[in-house]
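For ligands, and for the atoms within them, numbers begin at 1 and follow the listed sequence. This chain uses plain numbering: 1 for the first residue, then up along the sequence.
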Amino acid sequence: MARAGLLAGLSEENGRLTRRFGTPALAEACEAVSGWMRAAGMTVRRDAIGNVIGRIEGAERGAPALLLGSHLDTVPDAGRYDGALGVLAAIAVVERLRERAGELPFALEVVAFADEEGSRFGTAFLGSSALAGSFDRAALGRLDDDGVSLEDAIRSFGGDPGRLDGAAREPGSMAGYAELHIEQGPVLEELGLPVGVVSGIAGQTRAALRFTGRPGHAGTVPMELRRDALAAAAQMVGEVEAVARHTPGLVATVGDIAVSPGVANVIAGQADLALDVRHPEDADRHWVVALLRRRAGEIAAARGVECDWGTLHEQAAVRCDPGLTGRMWQAVQDVGVEPHALPSGAGHDAATMAGITSVTMLFVRCAGGVSHHPGESVSEADVAVGVDALTRFVELAAERLSYEGER
Ligand SMILES: [Zn+2]
């Protein structure tokens with residue numbers, strides 16, 4: 001908790017926590033984390049994008065590694081636990097297992113990803129995608145608000161844009177990836193549980209909807225002659241909510257509406273909606289998105305307005321590995337907590353890592369589900385349960401691998 005406090009002070013801004021990719025604040029955080037890794041007996045390196053990777057060998061030098069980690073970057077005006085807690089908990093696990101590391105059937109690595117939030121370049125998962133070999137080189141030309149390219153930012157951060165391919169890990173060099181993260185939602189608090197086992201990470205569709213009607217005078221155009229784009233949009237917002245409420249596991253949100261011309265005495269000629277749909281099962285999400293698209297068309301037709309639908313982003317759902325997740329479940333039970341499985345509605349580094357290795361996640365309860373906000377808060381007791389469970393998870397994973405090795 002003290003280390004989380006110390007990292008919270010490493011910020012681009014005075015008085016609030018903002019630590020985006022490639023900034024001096026992130027470099028300082030990487031330095032601090034590297035020091036704690038070394039003190040825990042790990043050898044430390046930085047990869048080509050700037051991820052910090054600490055390693056402690058197991059029984060056999062050069063054996064595949066079980067990776068534990070999360071990210072060190074933050075959103076602007078962030079809380080201090082999103083990402084950082086997973087890195088610090090991983091280091092705490094290594095500290096506890098240090099004396100026994102030489103008996104483990106795998107090496108232990110702690111990964112502190114340099115970018116997950118994507119707050120600086122409008123991308124996400126830069127750190128884990130480099131490690132997973134899914135880094136999109138087209139992103140190198142992206143500019144931040146000051147006109148600095150991602151390519152230059154990587155270079156000035158001590159990385160090497162030319163060697164990003166080399167940062168990708170061979171799947172055979174890993175025994176899996178486990179991430180502890182704050183829940184960022186209210187479910188565990190509601191259940192009165194300190195931790196929860198993540199079953200999977202929801203898939204996501206983002207779409208832009210535009211209703212185009214006919215602007216007109218709010219006083220002179222009779223109701224039956226109107227083609228009101230905002231009224232259509234409003235009906236659609238209600239439809240999105242109703243469909244989500246009636247579909248188990250689905251969350252759907254219209255988070256923004258831009259109205260034109262947007263004045264009190266003019267009927268809206270155009271309304272742009274930002275839609276976000278998430279579900280742990282891709283088939284359910286696709287079905288709902290198709291339904292909403294059809295409903296938008298029906299609403300538009302009934303009102304004599306046009307509707308355009310643009311899909312901006314699609315991300316497939318990620319299922320956590322049954323083997324590792326079974327160990328995580330057992331670990332939670334072993335530390336005296338009733339295990340509970342819950343899906344993650346938010347994206348995490350584990351989703352990217354799932355592209356190259358088996359992943360599992362443990363959520364820690366956070367007060368009020370508040371995250372991406374300075375009010376983000378966890379209790380010391382819950383963090384202790386989380387570190388206990390993650391430690392126990394590593395022990396159980398070791399038992400399983402030893403058993404499979406003998407077999
Ligand atoms: Zn995070």
Crowding at CD, E57 (>12 non-hydrogen neighbours, <6.0 Å):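 It does: E57 CD has more than 12 such atoms within range.
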CZ/R245: more than 12 non-hydrogen atoms of other groups inside 6.0 Å: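 No - once you tally the heavy atoms of other residues, nucleotides and ligands closer than 6.0 Å, there are 12 at most.
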Test item: R55 side-chain N/O and E109 main-chain N/O as donor-acceptor pair under 3.5 Å: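 Side chain of R55 to backbone of E109, a donor-acceptor pair under 3.5 Å: no, none is there.
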Short N/O/S contact of H348 with the Zn ion (ligand 1) (below 2.8 Å):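 For H348, the answer is no, given that no N, O or S atom comes within less than 2.8 Å of the Zn ion (ligand 1).
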Contact check: E117 to the Zn ion (ligand 1), N/O/S below 2.8 Å: no
Side-chain touch D77/L17, heavy atoms, less than 4.5 angstrom: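 Side chain of D77 against side chain of L17, heavy atoms only: no contact under 4.5 Å found.
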Name, closest N/O/S atom of D82 to the Zn ion (ligand 1):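 Output for this pair reads OD1.
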